[in-house]
Amino acid sequence: MHTSLAPHLRGLRRTRLAAVAVACGALVVGSGAATPAAAAHHSPISFGHHRNVKNFQDSNWGGYVATGNFTSISGSWTEPQVTCNTSNDLYAPWVGIDGYGSESVEQTGVQTDCSSGSPVYSAWYEMYPAQPVYWNDPVSAGDSFTGSVADSGGGNYTITLTDNTAGWTETTQQQYNGQDASAEAVIESPTSSYPSFSQQDFSNVTVDGQVFDSTNPQALTSGGYGPTALSNGSFSMEPGAGFKARK
């Protein structure tokens, strides 16, 4: 596991970049075209790999992460209504493979960006260390999402994100040299600044077709949010939850 962020990644996690990332080799099928940035104020900040933090407190990921050898993950979550505290607030719930003890990450989720002063929601996928690619589909607080990442072999990855509430689905197929060393259902803030929300629910998380619980995943806290107990692939991220269990 990495003990620190690479110098360029430290900068990405603390500042919004003016440059626009270029997504290469993406095959996108769905109702909305993929673009490097969904709107002008959405900056290409990578959600990246996990850094090791003592006692797993104040990590850049919050949720559950399993280590081993995994080729697929699927999970659902409900996008919460948030309150922006500062224009630096930025976070995303996501599901993915890799990133915990490896440099590669294959992931998809929904970003909440407060840089305009109000929450703006946008769907994305990322093949780290490339920058995230955003889909131009409507996203609202309260929407139910299902995301999945699958490695079918030979470096062929399929990433799918469905807004169950709005009724759209996006799929991208990517050729990528992933290590498949972990699987995660987490929240993350690349700027280390979360907006306020009361609860972020995850449900029906499975890894390689088995319930997430069976992988004995590690619980992580991030930015004052922690996971409730994992039960049949479901848990919630709540303010302060889980801190007493990981002293």
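Positions are given from 1 along the sequence. Below, all heavy atoms of this structure are taken into account, side chains as well, without hydrogens, waters or symmetry copies.
For the residue pair Asp89/Ser193, the side-chain donor-acceptor check at 3.5 Å is satisfied. Counting only N and O atoms by type, the side chains of Asn232 and Ser234 include no donor and acceptor under 3.5 Å apart. Donor-acceptor pairing under 3.5 Å is recorded for the side chains of Ser104 and Asp98. In summary, the side chains of Thr172 and Glu170 do not present any donor paired with an acceptor at a separation below 3.5 Å, with no hydrogens or angles considered. For Tyr134 and Gln111, the side-chain atoms include at least one donor-acceptor pair closer than 3.5 Å. For Trp61 and Glu188, the side-chain atoms include at least one donor-acceptor pair closer than 3.5 Å. If you check the side chains of Thr83 and Ser196, you find no donor sitting under 3.5 Å from an acceptor.
Tyr125 and Tyr121 end up in the same hydrophobic cluster when Ile, Leu, Val, Met, Phe, Trp and Tyr side chains are linked at under 4.5 Å. Grouping the Ile, Leu, Val, Met, Phe, Trp and Tyr side chains by contacts below 4.5 angstrom, directly or via other members, places Val110 with Trp168.
Tyr225 contributes a side-chain N or O that, together with a main-chain N or O of Phe197, makes up a donor-acceptor pair within less than 3.5 Å. A donor-acceptor pair is defined here as one N or O able to donate and one able to accept, closer than 3.5 Å; such a pair exists between the side chain of Ser116 and the backbone of Ser118. Remark: the backbone N or O of Ser148 is not paired with any side-chain donor or acceptor of Ser74 at under 3.5 angstrom.
Gln200 has its side chain within reach of Tyr91: a pair of non-hydrogen atoms, C-beta onward, lies under 4.5 Å apart. Glu79 is listed as a side-chain neighbour of Pro93, based on a closest heavy-atom distance under 4.5 Å. Side-chain atoms of Tyr194 and Ile187, non-hydrogen and from C-beta on, do get closer than 4.5 Å to each other. Proximity of Thr78 to Asp143: side-chain heavy atoms (C-beta onward) are nowhere separated by under 4.5 Å. When side chains are defined from C-beta on, Leu90 counts as touching Pro190, because their heavy atoms get closer than 4.5 Å.
The CD atom of Gln131 sits 7.0 Å away from the CD atom of Glu126 when rounded to the nearest 0.5 Å. Rounding to the nearest 0.5 Å places CD1 of Ile97 at 6.0 Å from CD of Glu106. Note that CE of Met127 and CD of Gln175 are 9.0 Å apart. Values are rounded to the nearest 0.5 Å. Atom OG of Ser189 and atom CG of Asn60 lie 9.5 Å apart (nearest 0.5 Å). Atoms CD1 and CZ, from Ile73 and Phe70 in turn, are 9.0 Å apart once rounded to the nearest 0.5 Å. Taken to the nearest 0.5 Å, the SG atom of Cys114 stands 9.5 Å off from the CG atom of Asn88.
The side-chain hydrogen bond (donor to acceptor under 3.5 Å, both in side chains) check on Ser72 picks up Asp208, with sequence neighbours excluded. By the side-chain hydrogen bond (donor to acceptor under 3.5 Å, both in side chains) test, Asp213 pairs with no residue at all, sequence neighbours left out. With sequence neighbours left out, Asp151 forms a side-chain contact (heavy atoms from CB on, under 4.5 Å) with Thr71, Tyr157, Asp180.
Applying the ring pair (Phe, Tyr, Trp, His ring centres under 6.0 Å) test between Tyr64 and each of Phe235, Phe202, Tyr100 identifies Phe235 as the sole match.
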Residues Trp94, Trp124; criterion side-chain contact (heavy atoms from CB on, under 4.5 Å); working and verdict: CA-CA 9 Å; Trp94 56 266; Trp124 56 274; 4.0 Å; yes

Derivation and outcome, side-chain contact (heavy atoms from CB on, under 4.5 Å), residues Leu161 and Phe145: CA-CA 7 Å; Leu161 184 65; Phe145 288 89; 4.2 Å; yes

